[in-house]
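See structure below.
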Amino acid sequence: MSIWEFANPRRFVHLTDTLLPWTTAGTVLLMGVGLVWGFFFTPDDYAQGSTVKIIFLHVPSAMLAINIWFMMLVTSLVWLVRRHHVSALAAKAAAPIGVTMTLIALFTGAIWGEPMWGTYWAWDPRLTSFMILFVFYLGYIALWAAIEDPDTAADLTSILCIVGSVFAFLSRYAVMFWNQGLHQGASLSLDKADHVANVFYIPLVISIAGFILFFITLVLLRTRSEIHARRISALLARERQG
Amino acid sequence: MELTVTNLGCRRGELRVLSGVSFSVRGGTALILRGPNGSGKTTLLRTLAGLAPADGGTISMPREALAYAGHADGIKAQLSVAENLRFWADVFGHAGIDAALDMFDLRPLAHRQAQHLSAGQKRRLGLSRLLVTGRPIWLLDEPTVSLDTESVAIFGRMIAGHLADGGMAIVATHIDLGLETAETLDIAQFRASGEDHANPFLDDGFADWGNP
Amino acid sequence: MELTVTNLGCRRGELRVLSGVSFSVRGGTALILRGPNGSGKTTLLRTLAGLAPADGGTISMPREALAYAGHADGIKAQLSVAENLRFWADVFGHAGIDAALDMFDLRPLAHRQAQHLSAGQKRRLGLSRLLVTGRPIWLLDEPTVSLDTESVAIFGRMIAGHLADGGMAIVATHIDLGLETAETLDIAQFRASGEDHANPFLDDGFADWGNP
Amino acid sequence: MIALMKRDLQLALRSGGGFGLSLAFFLIVVMFVPFGVGPESAVLARIAPGILWIGALLSCLLSLDRIFQLDYEDGSLDLLATAPLPLEGIVAMKAVAHWLTTGLPLTVAAPVLGFLLNLPVEGYLWVFLSLAAGTPALSFLGTFGAAITVGLKRGGLLLSLLVLPLYIPTLIFGAQSVTRVVEGQSNSTAFAILAAISLFTFALIPFAAARALRVNIR
Amino acid sequence: MIALMKRDLQLALRSGGGFGLSLAFFLIVVMFVPFGVGPESAVLARIAPGILWIGALLSCLLSLDRIFQLDYEDGSLDLLATAPLPLEGIVAMKAVAHWLTTGLPLTVAAPVLGFLLNLPVEGYLWVFLSLAAGTPALSFLGTFGAAITVGLKRGGLLLSLLVLPLYIPTLIFGAQSVTRVVEGQSNSTAFAILAAISLFTFALIPFAAARALRVNIR
Ligand code: HEM
Ligand SMILES: Nc1ncnc2c1ncn2[C@@H]1O[C@H](COP(=O)(O)OP(=O)(O)OP(=O)(O)O)[C@@H](O)[C@H]1O
Ligand SMILES: Nc1ncnc2c1ncn2[C@@H]1O[C@H](COP(=O)(O)OP(=O)(O)OP(=O)(O)O)[C@@H](O)[C@H]1O
Ligand SMILES: [Mg+2]
Ligand SMILES: [Mg+2]
């Protein structure tokens, strides 16, 4: 059975019936362990005090914020090339989650920035890129909301997502060119010796995994409800036509 | 030359409007589409013109042979009558606009801006545009709206001339155009019934998860 | 109740289109305006409705008694059929939209967004709007455009009902509406000749400094 | 009258979130300033009140052409003009609906954006108050401009051109109401004049705009 | 194809001076900055390059919704889609016509407005050059946004929301091309990237926009 079989909305719904309990359980487990461990069973950092614990929210949400956009890019391409409805609806379902993650990353970052840099907000390239990502999400969601016909909306948002990705990418480099910033570089890379200390590292990885599962659960749920909504509107339309 | 449509499906938004549309038109003849309001005449014409996606089925003619004239005439209010025609003549790579101006007696209005035309005068301009396309197959959606009786007669002559040159015309209309040789197709017979296999959200298999 | 128009002049932009228009319509009767394209039917109706300035002459009815329906129906694409009607009912302080929905058989379409209507369905909505205005005098500009034969018949009945209630209708049209009791007025007879006393720039006194 | 306002708000909401869009535009314009002038917070803090006011003003501007244009094109305006409502009332309702969908959300959001531009703390309250007092004037003046340009096919730019000069006094006193406070001076005169301008437009504009509409319809 | 561009320019001229209006808008926006920010010349000189770029960008934005909307409403777009022209070519022509009526006049006028903002002398040449290299990208990206929103009744604000984020790289490199020179640094990287972005949009955008148009027409 090919993976494309699940592009049939009905099969997709059946598949999620079996998947959702597992992902939900996984989410609760991993997020619970990761966050509880992170918040209550790690030592305070010698330099940052207890504020360092924001990392367990900040980093996973920041990672998701970016990667959700990538997921939308992929599903958009799938829709444009193979016209699988579930794919388009999954992109639609993911966007609000992405924008929420972006906001969480921005807020936790801002709260963290106060003790670290003495300011809630600076036009640091990393932070600015997130601001830009936020705006891209807003445009994408607004376009979905504005168009009546679902297939037209799927087509246009997919095109926007692709062109937008190119320019979001460009913006990232533009922003780095424009300002050298305060934000720290990648500290999670496995091959580098100087990643964050091990005490933080393991719970961080666990809560990242928890966030990813959380996202998967949400996307499956939201895609399901998008499918339900589409079916209802199709049925209503058929009703009206008589 | 013959235009053959086989088993064509037409949709509007979520829904299929027409199913199994089949007909053929020979060069030199006209086909009149009839059907009550909302039966799908506009939808069919737009699908033939390639302005709406076909939902299965085949159309034997390339889109490049078709000229479409719908409710909106594509007239620019700030350009004069002659400038409007000249623009479309240029776009379609056609030489002159004189024949088009003469057909509907537009010469006296040639230098008037389109925004100062009455409804019927605008429609006359829209119809004479067909002459500068040089296309053999005309798809006309309610072409005689706003026309007075004299202009309707001219329109009849224009169609007749086009057919005599070997062209074809498919015309959706509610009134009698007085084209003797034309065949009539009642569109109501192609009305789509509920089932629609191209829309997976209408799949009957859904039924079983409504009540688990 | 009687609507009397005396010696009315109508202009469009710089130019006078109609001169000396005089007629009267009694309550319970309809007047059909006829005339070739560009003869000034739309202009006259808009002048009567107060949407264009009268160029001399008198109209015996206050504007508040008139309801105008022109080419544009004033329909909002994003609102449903019922919402559109309800809005106009509210604006005109009229109670219900039920009669209006029933008249043109719009109930099955009541919850459909106006942008998903066909041309004829839109027109039906536009016409049923007249019923929620509660106004006695209807000014209709080519009301039957896009309507199928059945709807034209309904429209005839609607007018007849309105007249029976003591209303009036002035209708510009090119086709035969089948209203037996209606009088017909040919607008072409009022066509303005060159002289135009209201436009000072056409004053003949200018002639003498053209060639000093 | 109320029906008209209800419909306008309904339409704004249906066409993809009337509230959200002008807010998003505001956000982006404010965000563009650091991109253009550079990220130094001292400079940004210095120009923040002015930029917030200009941004709010431009966001207002962008939705003006929709006030009457769509009603004109689909014939609603003709029909409204023959309806038993005074045209002055229609204009006022349109202006209020415009303010509710743009001015109000902008006012609420401005302090948050002030944050991004390092607006000094004393400024937040006054950014809010000055916009609350000033944006209604922007909506009313904009309605007047929209009434004047309603018949024109490509009226958008012309509209801006007509309206922007009318916005100058509002902008000056609005921005002053904030900058003075930030610089530790008294802003009572500026703010009083700002409020006066608003009241004045409420009284005057509906008549002027209704007059312009009458000319344009016929 | 040429006919299309000719018509577009003709229409822009007929409807009350296409060239003049966006220029005037540019002038007013730039003029608003001193009103909002205050008249000190040091501050103005500091922010001048950024303000000129943002002003040019906003002026561009304001005329975008007319690129396809009018053609869509009066049915021309349907007819053009059935005409023997590739839709990609139509899009490119539209973008070029837009640039000729907005980008080009803005580029020529910008140095003059720089004067009003006390732009340092070294900046004039580069304001001109950077706008000349960058505004075509703005027109092309804008055409893409216009193609996406063409079917929407109140698309203007949404259009801005979609297009503005796409403008960010152009704005940053454009403004940097000027500020770096003013600050005595080398601007060659920034300018090269700016030009590259423009070339890139010429190659990519017509296809994306044509695709969007096709979706919208059907
Ligand atoms: C509003 C403010 C902030 C935003 C928008 C923000 C955004 C981000 C982003 C985008 C990432 C990258 C996640 C990834 O690797 O994919 C990140 C990671 C990180 N941020 Fe922030 N940040 C902010 C403030 C701060 C502050 C104040 C600190 C504390 C010094 C901080 C520390 C970190 C750390 C340690 C990482 C993990 C490094 C990594 O994996 O790349 N952030 N943040
Ligand atoms: N944009 C749309 N979305 C969904 N349904 C639509 C849309 N436009 C039209 N319809 C529906 O599709 C059906 C066919 O419409 P179409 O416009 O083809 O009818 P028509 O035969 O041209 O009618 P008329 O004689 O009134 O012009 C109608 O029932 C109509 O309500
Ligand atoms: N905006 C305008 N400016 C100047 N002249 C106009 C304008 N609109 C129409 N005209 C001219 O005024 C005359 C009367 O136009 P009107 O629209 O009243 O005609 P009509 O009788 O309604 O014609 P139709 O049957 O074609 O609708 C026509 O000759 C027309 O060209
Ligand atoms: Mg039709
Ligand atoms: Mg008429």
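Not measured: the values here are computed from a predicted model. Just so we're on the same page: letters track the sequence lines, and every chain starts at 1.
- Each of B:E64, B:E83, B:Q113 has some count of heavy-atom pairs under 4.5 Å with chain E, and the biggest count is that of B:E83.
- For a residue to count as touching a neighbouring chain, one of its non-hydrogen atoms must lie under 4.5 Å from one of that chain's; by this rule B:R12 does not touch chain E.
- Within a 6.0 Å sphere centred on CZ of B:R107, heavy atoms belonging to other residues, nucleotides or ligands number more than 12.
- Looking at B:L79, the atoms closer than 4.5 Å to chain E (heavy atoms on both sides) sit in the backbone and in the side chain alike.
- B:R63 approaches E:A81 most closely through the heavy-atom pair NH2-O, 2.9 Å.
- Atoms CZ and CZ, on B:R86 and E:R7 in that order, are 14.5 Å from each other to the nearest 0.5 Å.
- The CG atom of E:D78 sits 11.0 Å away from atom NE2 of B:H71, with the distance rounded to the nearest 0.5 Å.
- Residue E:K6 holds its NZ atom at 6.0 Å from CG of B:D90, rounded to the nearest 0.5 Å.
- The candidate from E:T82, E:I217, E:I2, E:L79 with the greatest count of non-hydrogen atom pairs under 4.5 Å with chain B is E:L79.
- Nearest heavy atom pair, residue B:R135 against residue E:P84, reads NH2-CD, 3.3 Å.
- Here E:L85 contributes atom CG and B:F92 contributes atom CZ; the two are 8.0 Å apart, rounded to the nearest 0.5 Å.
- Taking a 6.0 Å sphere around CD of B:Q189, one finds it holds more than 12 heavy atoms contributed by other residues, nucleotides or ligands.
- Heavy-atom minimum distance, E:L80 versus B:F87: CD2-CZ, 4.3 Å.
- Residue-environment remark: CZ (E:F207) stays at or below the threshold of 12 foreign heavy atoms within 6.0 Å.
- By the 6.0 Å contact criterion, CD on B:Q115 is enclosed, its count of non-hydrogen atoms from other residues, nucleotides or ligands being greater than 12.
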